[in-house]
2 protein chains.
Amino acid sequence: MLGKTYPGQDCSAARALEIVGERWTLLILRDAMFRGYVRYSQFTESLGIATNILARRLEGLVAAGLMEIRTPMSRSDHVEYHLTRKGLDLKPVIVALTQWGDAWLGPGPVTFRDAATGAEVSLGFQTADGRAPEVGAVVARRRTPPTI
Amino acid sequence: MLGKTYPGQDCSAARALEIVGERWTLLILRDAMFRGYVRYSQFTESLGIATNILARRLEGLVAAGLMEIRTPMSRSDHVEYHLTRKGLDLKPVIVALTQWGDAWLGPGPVTFRDAATGAEVSLGFQTADGRAPEVGAVVARRRTPPTI
DNA sequence: CCGTATCCATTCCGATACTG
DNA sequence: CAGTATCGGAATGGATACGG
């Protein structure tokens, strides 16, 4: 995870996958983001992951700045793993995977909603003027370098 | 890939990751989606992936229905791997990873645009009434089962 | 009970050589 | 060009033992 696992790839998606592309990592983040899990035992019970692998993944997530270790003042006998803003910002990745799974593998057990209003939330493409292009219409273009 | 790699996970994201969560898979799809690559040699040159691994991944993507093999009538001496609609629909996953990488690891070489208008395209959360909730406000709720 | 560390069998990956 | 075969090394999974 720390050594470049996709060498020679000048691409943000590849660099992101060097951090979150390993087995189990995105499911750990899912549990933290949408189930509020913070403790080691919660992750093991939820995932059935081997304990040595979980320890390694949590260590990597903390090292990468996606999670941080907190020790609650009340219960100082254990630590908690909390998402940072950097980790929380991966929510669209999880939602995108979920929406694809719902659409192509059959609906799963959850939908996404706005916590304040309860309105259903979806993830989609949008332009500055408020249009929603089709998937097929979205293309990648080389970024115009800022002319300093 | 075909044997359940995340057993006991009743979750669309986990099921999606059983198909696209292996090393290299999402980068192969990125090349197919945004660079138009269709041939074996294009993927090897782009990724630097071992040939046996690429063969295994392509085979898996075809088996899962994300790609299909075409033999162009003009050049029947080679095959091409084309995305299906199912594969193309993973575009939001790639874009979500790219946007996160741009934001947290430094901007990458590309942006996403509407092919028709050239307008910049972003991926974001939206509600039915057109609002855009913050990441922190998006929560998962158990799907209300259809009352048949 | 919480979490970590170690050992070992199995699977996966990567580099190279090879075939049509 | 498009793969397949092989083999050494790395990652993973599971059990178990260890420390607080």
Side-chain angles (χ1 to χ4, degrees), chain A residues 1-9 14 17-28 31-32 36-64 67-82, chain B residues 1-9 14 17-29 31-32 35-64 67-82:
Chain A
M1 170 135 51
L2 292 171
K4 285 205 119 7
T5 61
Y6 294 118
Q9 295 289 318
L17 286 172
E18 289 182 341
I19 295 177
V20 300
E22 286 180 308
R23 186 161 162 72
W24 296 113
T25 302
L26 283 171
L27 294 184
I28 294 170
D31 278 354
Y37 292 170
V38 292
R39 293 232 313 276
Y40 194 93
S41 59
Q42 292 178 307
F43 295 113
T44 54
E45 284 171 30
S46 164
L47 299 171
I49 184 178
T51 59
N52 53 354
I53 303 296
L54 175 60
R56 196 183 306 172
R57 291 292 181 272
L58 290 173
E59 182 186 20
L61 288 168
V62 170
M67 297 188 115
E68 62 184 8
I69 296 181
R70 287 192 209 159
T71 307
M73 55 253 78
S74 52
R75 299 281 313 284
S76 62
D77 62 332
H78 71 278
V79 299
E80 295 181 349
Y81 296 87
H82 287 261
Chain B
M1 172 133 51
L2 291 171
K4 285 205 120 9
T5 62
Y6 293 118
Q9 294 290 319
L17 286 172
E18 289 182 341
I19 296 176
V20 301
E22 285 179 309
R23 186 160 162 72
W24 296 114
T25 302
L26 284 171
L27 294 184
I28 293 169
L29 294 172
D31 278 355
R35 303 182 182 178
Y37 293 169
V38 292
R39 294 232 312 276
Y40 194 92
S41 59
Q42 293 179 306
F43 294 114
T44 54
E45 285 170 29
S46 164
L47 299 171
I49 184 178
T51 58
N52 53 352
I53 303 296
L54 176 60
R56 197 183 305 171
R57 292 292 181 272
L58 290 173
E59 182 186 21
L61 287 169
V62 170
M67 297 187 115
E68 62 185 6
I69 296 181
R70 286 191 210 158
T71 306
M73 56 256 73
S74 53
R75 302 280 313 284
S76 62
D77 63 331
H78 72 277
V79 298
E80 294 181 349
Y81 295 87
H82 287 261

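Chain A is the first sequence line, chain B the second, and so forth, proteins listed ahead of strands; every chain is numbered from 1. As a basis for the values below, the full set of heavy atoms in this structure was taken, side chains included, without hydrogen atoms, waters or symmetry mates.
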**Fill in**
In B/S/- notation (B base, S sugar-phosphate only, - none; protein heavy atoms under 4.0 Å), nucleotides 1-8 of chain D written 5' to 3' is -SBBBB--
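Between the CD1 atom of A:Ile28 and the C1' atom of C:dG3 there is a distance of 15 Å, rounded to whole Å. Whole-Å rounding puts the A:Glu18 CD to D:dA11 C1' distance at 17 Å. For the pair B:Tyr6 OH and D:dG13 P, the interatomic distance rounds to 8 Å; values are reported in whole Å. Following rounding to the nearest Å, A:Ile49 (CD1) and D:dA15 (C1') show an atom-to-atom distance of 16 Å. Atom pair A:Arg57:CZ and C:dG3:C1' shows a separation of 17 Å (rounding to whole Å applied). Rounding to whole angstrom units, CZ of residue A:Phe43 and P of C:dT4 are separated by 12 Å. Rounded to whole Å, the distance from CD on A:Glu59 to P on D:dA11 is 13 Å.
One finds a salt bridge joining B:Arg70 and B:Glu68 here, because a Lys/Arg side-chain nitrogen approaches an Asp/Glu carboxylate oxygen to under 4.0 Å.
Closest non-hydrogen pair, B:Pro72 versus B:His78, comes out as CD-O, 3.6 Å. Closest approach of A:Tyr37 and A:Gln42 over heavy atoms only: CA-OE1, 3.4 Å.
Expressed to the nearest 0.5 Å, how far OH of B:Tyr40 lies from CG of B:Leu58 amounts to 7.5 Å. In this structure, the separation between OH on B:Tyr6 and CD on B:Glu18 is 8.0 Å, given to the nearest 0.5 Å.
Considering only side-chain N and O atoms, A:Trp24 lies nowhere under 4.0 angstrom from the phosphate OP1 or OP2 of D:dT12. For A:Arg23, no side-chain nitrogen or oxygen approaches OP1 or OP2 of C:dC12 to under 4.0 Å.
At distances below 3.5 Å, not a single donor-acceptor pair connects side-chain atoms of B:Tyr81 with backbone N or O atoms of B:Leu61.
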